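These notes are about the structure you will find just below.
In what follows, residues are counted from 1 in the order of the sequence shown. Excluded from the calculations below are hydrogen atoms, water molecules and symmetry mates; all remaining heavy atoms, backbone and side chain alike, are included. Predicted model only: the values in this text are computed from it and were never measured. Just so you know, ligand 1 is whichever comes first in the structure, and atom 1 is the first atom listed for that ligand.
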Amino acid sequence: MVKIEPFALEHYLNDKDPKAKYNLAASCALPISLQELKSLSDSAAFSPNSDNVTPPLPTEILSWSMDYGSMFGSEKLRARLASLYSVKASTPLSPDNVLITPGASSADFLIFHALCDRGDHVICQYPTYQQLYSQPASLGAEISLWKTKGEDNWRLDIEELKGMIRPETKFIVINNPQNPTGAIIPRSTLESIIQIARDHSITVISDEVYRPLFHSISPVDEEFPPSVLSLGYDNVIVSGSMSKAYSLAGIRVGWLASPNNDLIAACKNWRSYTTISVSQLDEQVASYALNECLHNLLKRNNGLAKHNLGLLEKFIEQHRWACEWVKPVAGSVAFVKFSKMGRAVDGEVFCQRLLEKEGVLIVPGSVCFGKGEDFKGYVRIGFVTETKVLEEGLERLKAFMMEGFEGLPVCK
Ligand SMILES: Cc1ncc(COP(=O)(O)O)c(C=O)c1O
């Protein structure tokens, strides 16, 4: 039996989600209905009569044969993704460089199972989504966590990376934009990571599921992070998803992409064992969203993220006596530290009492993102939700700060 650590975040959410009145724990931009998606299509802007606008699932679909569909993902969807990744790349990707998967969790699973072996040394950015280090560890790899700190703006230290490289280092794993901090890895740091990987023949695995939810950095900023696919190095593989920036977690469509055909071939083989193909209906909705609605959908989500982040910032400013953060730059979550008289509060008890007393669900950082003693006092707050839910949730959190915060235990 392959042993793997319990997936702390997912177990926490599975248990607590049903108890939440105000769910501020999600990391998906506010999920969208197919009706609303249709209203965001480019053709809807020119058609006063919505009956003339093609819906995400057009009626022709009734005559589609429900066979497996395209084995590696629909050609239309893979072509669209390849062209989106190629906008800034010196060598364009082809549809064959992309594989469609049921969500990015499946893409990440395939990447590690296909490429990672017992005895490999894997360097993984930290904190991050647990799958990115627990899964290679379950396969017998040795993991070194490339740690970042809030006090240092979650900055990755390149000199530290150089010191971590060993002859058997096979992968550097990064997550950009980043869960749970909402930080980005800036372009110059990405370029240094790629240079080091190139010098040591290391493969870079980049989980980019929060692209392109860039609410607080402009694409013309010189440190705006590109996908690692456009940095001119072949030994990179990325995962992406419709779940986060595109609000469509319910269709379960993700992907992996690489310019390196050998990496793709290895993942294809594992995909044949685990997936065979992805639902044709799901792929059709994903294609529709990325072809017909891309600009309006991203405008909706980046606008919502910006507006809601302002509300969260106001809360933080009003409660500076108890909390601190590095304001997120991208993605849908913020990592906030709560302390009393300079000592971190017990984040697990905090989240538990907040849920019981006020019905607000947030995520304790030490439980869901920390190993050992890490991230005491931190909580992850998902803010790209319905504005009304965020406003009411923050009102309840304010009430808790007045009545329940004083009684919280602090960490040793
Ligand atoms: C960094 C990261 N990767 C992958 C996933 C899984 O996403 P998906 O819904 O596409 O499976 C998540 C979900 O929270 C995530 O945060």
Check: Closest non-hydrogen protein atom to atom 9 (O) of ligand 1, residue and atom name please, with distance?
Finding: Ser243 OG, 2.7 Å
Next item on the list: Heavy-atom distances under 4.0 Å are what count here, so tell me which part of Thr128 touches ligand 1: side chain, backbone, both or neither.
Entry: neither
Next item on the list: Look at atom 2 (C) of ligand 1 and find which of Trp255, Phe109, Tyr246, Tyr129 reaches it with the closest heavy atom.
Entry: Tyr129
Next item on the list: Count the heavy atoms belonging to other residues, nucleotides or ligands that lie under 6.0 Å from NZ of Lys149, then report whether that count exceeds 12.
Entry: no
Next item on the list: Please verify whether a non-hydrogen atom of Lys244 lies at under 4.0 Å from ligand 1.
Entry: yes
Notebook entry, point to check: Does CD in Gln280 sit with more than 12 non-hydrogen atoms of other residues, nucleotides or ligands closer than 6.0 Å?
Noted result: yes
Check: Non-hydrogen atoms of Ala249 versus ligand 1: any pair closer than 4.0 Å?
Finding: no
Check: Does Gln131 have a heavy atom less than 4.0 Å from any atom of ligand 1?
Finding: no
Check: Using 4.0 Å as the upper bound for N to carboxylate O, is an ion pair formed by Lys147 and Asp374?
Finding: yes
Note to self: Closer than 4.0 angstrom, basic N to acidic O: yes or no for Arg166 and Glu168?
What the structure shows: yes
Item checked: Per-residue contact class, Ser27 against ligand 1 - non-hydrogen pairs under 4.0 Å -> side chain
Notebook entry, point to check: Which of these, Asn175, Asn176, Asp207, has its nearest heavy atom closest to atom 4 (C) of ligand 1?
Noted result: Asp207
Next item on the list: Flag Ser241 as yes when one of its N or O atoms lies below 3.5 Å from any N or O atom of ligand 1, and as no otherwise.
Entry: yes
Notebook entry, point to check: Salt bridge between Arg187 and Glu222, side-chain N to carboxylate O under 4.0 Å?
Noted result: no
Notebook entry, point to check: Any N/O of Arg252 closer than 3.5 Å to an N/O of ligand 1?
Noted result: yes
Check: Does one side chain, of Asn260 or Asn235, offer a donor that lies under 3.5 Å from an acceptor on the other?
Finding: yes
Next item on the list: Please state which part of Ala104 comes within less than 4.0 Å of ligand 1, counting heavy atoms only: side chain, backbone, both or neither.
Entry: both
Margin query: Could you tell me if Ser188 and Glu223 have a donor-acceptor pair between their side chains, going purely by distance under 3.5 Å?
Written below: yes
